[in-house]
Chemist: 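Got a structure here, written out as structure tokens. Questions coming.
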There are 2 protein chains.
Amino acid sequence: MLGMMQPWPLTVDRILGHAATRHARREVVTRSLEGPIVRTSYGEVHARAKQVSNLLLDMGVRPGDRVGTLAWNTWRHLEVWYGIMGIGAVCHTLNPRLHPDQICWIINDASDRVIFVDEPFAELLLSRMDRAPSVERVVVLNHDYENLIADQPEDCAWGGFDEETACGLCYTSGTTGDPKGVLYSHRSNFLHTLMCLQPDVIGFSASDVVLPVTPMYHANAWGVAFSAPAVGAKLVLPGARLDGASLHELLESEGVTVSCAVPTVWTGLLQYLDQAGATLTTLKRVAIGGAACPEAIIRGFHDRYGVEVRHLWGMTETSPVATAGAVSPELLARPFEEQLPVRLKQGRAPLFCELKITDDEGRRLPEDGRTFGRLKARGPIVSAGYFKGVAGDILDEEGFFDTGDVATIDPDGVMQITDRAKDVIKSGGEWISSVEVENLAASHPKALLAAVIGVPHPKWDERPLLLVKLRPGETSSREEMLGHLEGRIAKWWTPDEVLFVDDIPLGATGKIDKKAIRAAYADYRLPGT
Amino acid sequence: MLGMMQPWPLTVDRILGHAATRHARREVVTRSLEGPIVRTSYGEVHARAKQVSNLLLDMGVRPGDRVGTLAWNTWRHLEVWYGIMGIGAVCHTLNPRLHPDQICWIINDASDRVIFVDEPFAELLLSRMDRAPSVERVVVLNHDYENLIADQPEDCAWGGFDEETACGLCYTSGTTGDPKGVLYSHRSNFLHTLMCLQPDVIGFSASDVVLPVTPMYHANAWGVAFSAPAVGAKLVLPGARLDGASLHELLESEGVTVSCAVPTVWTGLLQYLDQAGATLTTLKRVAIGGAACPEAIIRGFHDRYGVEVRHLWGMTETSPVATAGAVSPELLARPFEEQLPVRLKQGRAPLFCELKITDDEGRRLPEDGRTFGRLKARGPIVSAGYFKGVAGDILDEEGFFDTGDVATIDPDGVMQITDRAKDVIKSGGEWISSVEVENLAASHPKALLAAVIGVPHPKWDERPLLLVKLRPGETSSREEMLGHLEGRIAKWWTPDEVLFVDDIPLGATGKIDKKAIRAAYADYRLPGT
């Protein structure tokens with residue numbers, strides 16, 4: 001027997017439609033690439049997004065066609081997103097931080113027919129157009145875009161297709177092998193939006209003013225381009241200027257209450273605030289993800305600025321938010337110092353994200369907060385496969401996706417990433433978390449960056465090697481670094497050797513590039529082996 | 001092109017499954033009908049709900065079968081809900097406040113095979129079993145229930161069916177004609193849950209302690225039996241004692257932060273608090289709905305107890321929450337006195353509930369906050385029809401359901417109910433809101449209750465007649481009552497006559513029974529007509 005409720009497919013065009021109907025005058029504010037602040041509203045963004053749809057239809061774009069964007073967070077990028085998605089085409093976000101050759105590879109793989117691009121990236125793209133034969137049109141957002149949409153009608157039929165229809169395409173940053181496309185559906189993006197709106201996840205209200213520093217060009221800007229209009233929150237888009245001073249100016253001038261960014265951005269803001277003696281008068285909460293949140297950020301925001309840090313974790317394949325670090329009522333009642341170790345964990349999986357940890361054979365491991373295993377996820381916000389079926393069947397027999405991370409889950413359901421599966425060091429049949437050791441090493445005052453990799457060992461299979469990049473002008477020693485770790489990790493986790501290096505390579509997303517380090521030290525042998 | 005995300009049907013068993021996995025130890029506390037407080041947890045409720053499922057399967061209950069409940073809000077009622085829904089049977093909530101003959105009529109109409117009942121209602125039900133031939137078993141919750149489930153296994157396969165599967169059945173209170181069944185789907189209940197979790201609607205977090213006074217036996221307890229476990233909020237169930245003193249004791253002893261009830265309950269609590277000089281130390285927010293919220297409740301909670309009142313509106317056919325009165329940022333910045341008129345409105349429709357107002361011919365009317373018209377709703381939480389197709393096609397050509405209410409919508413999207421469509425008084429081609437006039441009349445210090453109906457008039461078709469029930473010992477006059485209205489309503493809205501009466505009939509849900517009043521005054525003629 002079926003229920004007798006109304007059919008109403010979960011297509012994301014309804015989200016902007018709702019904002020335009022019930023929150024039409026709520027502002028969308030952008031720091032434009034040219035500099036000045038541009039103010040518009042959900043009503044106007046909705047009307048102009050429909051002009052974009054009509055432009056695309058004129059260009060011959062049809063449902064299922066991929067349309068690329070290579071742009072900062074601006075009101076125009078928002079219009080283009082909804083303009084593409086509303087007619088059932090696929091919004092393919094391109095990451096300008098990737099190497100231009102890789103961007104071309106991705107465009108070709110996706111067969112993008114039209115690309116919307118911000119001027120700073122246009123030249124790069126246009127000079128390589130001979131290598132992207134699928135692309136019929138490139139529209140420069142801060143150049144010909146306004147002219148192209150100006151005469152288009154502000155009305156266009158949106159939606160009306162199955163909620164499982166492809167909505168967005170985003171390639172994983174590809175630390176191993178070629179990049180792979182994650183193909184979001186309208187349904188998955190819509191459900192992810194509803195999940196993020198829960199108070200324990202990101203939790204916007206119409207009274208919030210939201211500044212997503214997290215880019216729309218990667219991992220859906222953590223869903224903010226959907227979740228803010230879904231409730232009529234004012235949206236503040238930072239364009240290209242993500243330094244501490246520029247962000248602080250926007251946070252204060254627009255009365256921002258919630259913001260989202262990766263740790264490096266927050267470190268930049270805190271440094272600026274501390275140096276300038278500036279304050280945060282409206283900001284209540286920052287969400288942080290993309291990399292583990294350093295203690296200094298949580299402390300800095302809490303102690304000096306009274307701002308709550310909400311730790312998030314996820315990945316392109318999880319839409320991306322998969323866990324959120326809202327603190328439990330039991331913990332909230334305890335002093336902040338006691339909360340800190342839990343706030344440093346990645347948080348709890350909300351409804352829509354089931355998690356388990358397993359050993360290499362896929363057997364479930366206990367959720368005791370100590371045992372670590374491969375972290376796997378299941379739910380409507382999680383990938384079932386990659387674009388065009390590359391990599392084949394990626395789910396285990398229970399339908400879980402292997403995140404490639406290694407984690408613990410404690411009895412309260414709080415998850416902590418301890419390593420990447422491929423970075424974990426397997427020593428004598430046991431696992432050593434490379435991340436835990438390198439985080440500790442990096443906390444030494446003289447260290448700027450630290451990396452730990454496994455290197456071959458005749459007896460233990462692998463042993464840890466620590467690389468340290470010192471702060472300018474500092475000198476240190478093996479003994480000093482290892483002494484810093486003593487008593488804080490198991491003795492057998494102690495690196496066998498410490499190498500001081502000029503530089504530690506970082507990947508496109510700012511994370512330490514273990515793959516490059518492993519390649520560079522492929523022939524390295526530990527002393528005495 | 002379809003997206004490549006995981007299939008994961010939105011079936012409500014996953015909600016309790018999530019609570020049992022991630023919030024297993026979070027408490028579910030009940031004031032039992034016998035008196036003592038009973039403490040259990042989501043983990044235990046989940047295990048026992050599976051025992052209920054196995055009991056039902058043993059009894060031969062199959063997917064699509066209707067299983068009735070006639071019970072207060074208790075942990076056992078919660079177990080029975082999920083036990084029924086988890087195996088794809090339909091949880092049919094019966095309202096004990098209806099007349100026993102009407103309950104029997106509804107049981108027959110639904111063809112309930114099994115009924116779970118609280119002892120206080122069991123006798124009533126069992127004495128009429130000859131008139132409910134479909135019922136094969138009656139399980140008394142505080143009698144044979146424990147024995148029946150005790151030996152059942154705590155494991156049972158839940159879900160695995162289409163999310164459009166029928167999940168719950170609730171009959172409308174039937175002020176006109178026979179009661180009609182609203183047949184919720186798993187999907188509609190799930191989406192309603194996600195909608196309610198938005199901060200601007202009800203917005204629970206895992207740190208909340210939630211007391212739903214709103215009964216599980218009608219309109220889904222406003223979804224709280226789903227939304228609290230969905231985020232792991234502690235649940236406090238009041239059983240049968242809903243008076244001010246009993247509620248206050250529970251609110252304080254269990255640390256309740258959010259509660260939901262109809263206005264009469266809150267009036268009772270406020271009276272108790274004021275008389276006892278008691279305080280509310282943990283309560284932050286109360287949701288109020290089921291009838292328009294009197295100003296005295298909003299003021300009382302705000303001024304004397306620092307508690308926010310969240311005005312909700314909806315009906316059985318809208319799952320039930322359809323609008324919520326979270327205050328806009330612009331208004332929040334203004335003094336409370338200026339917020340009050342907006343807080344008295346029913347609020348804004350969240351995503352999932354589209355609203356429009358139309359004239360009698362179905363033409364859309366302007367949303368200017370002044371024009372009132374028939375209120376119509378569309379969305380995945382709104383009925384498409386009634387059980388067994390009675391009443392036929394109930395949607396207009398745009399797919400909207402006529403709520404039977406008359407309302408205004410202001411430019412900020414805030415809706416205000418001005419009347420029931422059948423109660424609105426049509427005078428000289430224009431509409432007079434009977435509710436607005438009677439609310440004003442009831443605000444006279446001497447008035448206990450007031451009702452306004454339209455009576456025939458040779459020139460104007462209808463004119464308003466005001467009935468007033470005075471407070472004990474008071475005397476008043478036509479002039480005094482009409483003088484109270486002067487200047488507060490349009491002159492032509494002024495009732496043509498005032499009648500002082502001993503009593504004003506109320507319906508089963510505590511609302512003024514206009515139908516009965518109209519029947520009683522069917523032959524009434526205004527003086528001079």
Side-chain angles (χ1 to χ4, degrees), chain A residues 1-8 10 14-15 18 21-23 63-64 90 162 164-167 182-188 194-195 197-200 203-207 230-231 234 319 326-329 332 348-352 354 378-387 395 399 401 413, chain B residues 1-8 10 14-15 18 21-23 63-64 90 162 164-167 182-188 194-195 197-200 203-207 230-231 234 319 326-329 332 348-352 354 378-387 395 399 401 413:
Chain A
M1 179 179 294
L2 299 184
M4 295 184 70
M5 306 302 281
Q6 296 185 11
W8 199 90
L10 302 176
R14 295 178 186 274
I15 293 175
H18 171 74
T21 306
R22 293 287 162 239
H23 307 274
V90 180
D162 191 294
E164 301 284 2
T165 300
C167 176
V182 173
L183 193 62
Y184 305 110
S185 65
H186 280 262
R187 175 180 166 102
S188 71
L194 296 165
M195 189 194 83
L197 289 174
Q198 293 181 23
D200 288 335
F204 299 141
S205 93
S207 291
V231 298
K234 174 177 165 183
S319 294
V327 175
S328 72
L332 260 185
R348 203 187 266 125
L351 188 60
F352 285 165
E354 300 175 63
R378 182 171 69 180
I381 61 158
V382 184
S383 289
Y386 292 104
F387 187 52
L395 307 185
F401 166 77
Chain B
M1 179 179 294
L2 299 184
M4 296 183 69
M5 307 303 280
Q6 296 185 11
W8 200 88
L10 302 176
R14 294 177 185 275
I15 292 174
H18 171 73
T21 306
R22 293 287 161 238
H23 307 273
V90 180
D162 191 294
E164 301 283 2
T165 299
C167 177
V182 174
L183 192 63
Y184 306 109
S185 65
H186 280 262
R187 176 181 166 101
S188 72
L194 296 165
M195 188 194 83
L197 288 173
Q198 293 182 22
D200 288 335
F204 299 141
S205 95
S207 292
V231 298
K234 173 178 165 183
S319 292
V327 174
S328 71
L332 261 184
R348 207 187 261 124
L351 187 60
F352 286 163
E354 301 175 63
R378 182 170 68 182
I381 61 158
V382 184
S383 289
Y386 292 103
F387 186 52
L395 307 184
F401 165 76

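Here is the naming used below: chain letters follow the sequence lines, and residue numbers restart at 1 for every chain. All of these numbers come straight from a predicted model, not from anything done at the bench.
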Chemist: Is there a donor-acceptor contact under 3.5 Å from the side chain of B/Asp200 to the main chain of A/Ser205?
Modeler: no
Chemist: Under a 4.5 Å heavy-atom cut-off, does chain B meet the side chain of A/Phe204, its backbone, both or neither?
Modeler: backbone
Chemist: Side chain from CB out, backbone as N, CA, C, O: work out which of these in B/His23 comes under 4.5 Å of a heavy atom of chain A, or both, or neither.
Modeler: side chain
Chemist: Check B/Met5 against A/Val182 and note the closest heavy-atom contact, atom names and distance.
Modeler: SD-CG1, 4.4 Å
Chemist: Looking only at heavy atoms and a cut-off of under 4.5 Å, which of B/Gly64, B/Gly379, B/Ser188 has the most pairs with chain A?
Modeler: B/Gly379
Chemist: Are B/Leu194 and A/Gln198 close enough that some pair of their side-chain heavy atoms sits under 4.5 Å apart?
Modeler: yes
Chemist: Tell me, for A/Tyr386 versus chain B, whether the close heavy atoms (under 4.5 Å) come from the side chain, the backbone, both or neither.
Modeler: backbone
Chemist: Pick whichever of B/Met195, B/Glu354, B/Met1, B/Arg378 has the most heavy-atom pairs under 4.5 Å with chain A.
Modeler: B/Met1
Chemist: Under a 4.5 Å heavy-atom cut-off, does chain A meet the side chain of B/Leu332, its backbone, both or neither?
Modeler: side chain
Chemist: Need one label for B/Ile15: side chain, backbone, both or neither, based on atoms under 4.5 Å from any heavy atom in chain A.
Modeler: both
Chemist: Does any backbone or side-chain atom of B/Pro63 lie under 4.5 Å from a heavy atom of chain A? Answer side chain, backbone, both or neither.
Modeler: neither
Chemist: Checking B/Ala230 against chain A: side chain, backbone, both or neither under 4.5 Å from a heavy atom?
Modeler: both
Chemist: Taking B/Gln6 for its side chain and A/Pro380 for its backbone only, find out whether a donor-acceptor pair lies under 3.5 Å.
Modeler: no
Chemist: With a 4.5 angstrom heavy-atom cut-off, could you sort out which part of B/Arg187 is near chain A: side chain, backbone, both or neither?
Modeler: side chain
Chemist: At a heavy-atom distance under 4.5 Å, which candidate from B/Ala166, B/Gly413, B/Ser185 has the highest pair count against chain A?
Modeler: B/Ala166
Chemist: Provide the closest heavy-atom pair for A/Arg22 versus B/Ala349 in the form atom of the first, atom of the second, distance.
Modeler: CG-O, 4.0 Å
Chemist: Most heavy-atom pairs under 4.5 angstrom with chain B, which of A/Lys234, A/His186, A/Met4?
Modeler: A/Met4
Chemist: If I measure from the heavy atoms of chain B, does A/Ala326 come under 4.5 Å with its side chain, its backbone, both, or neither?
Modeler: neither
Chemist: Applying salt bridge (charged side-chain N to carboxylate O under 4.0 Å, His left out), can you list everything that pairs with A/Arg348, at least two apart in sequence or on another chain?
Modeler: none
Chemist: State the CG-CG distance between A/Leu197 and B/Leu351, to the nearest 0.5 angstrom.
Modeler: 8.5 Å
Chemist: Which bit of B/Phe352 is near chain A, if near means a heavy-atom gap under 4.5 Å: side chain, backbone, both or neither?
Modeler: both
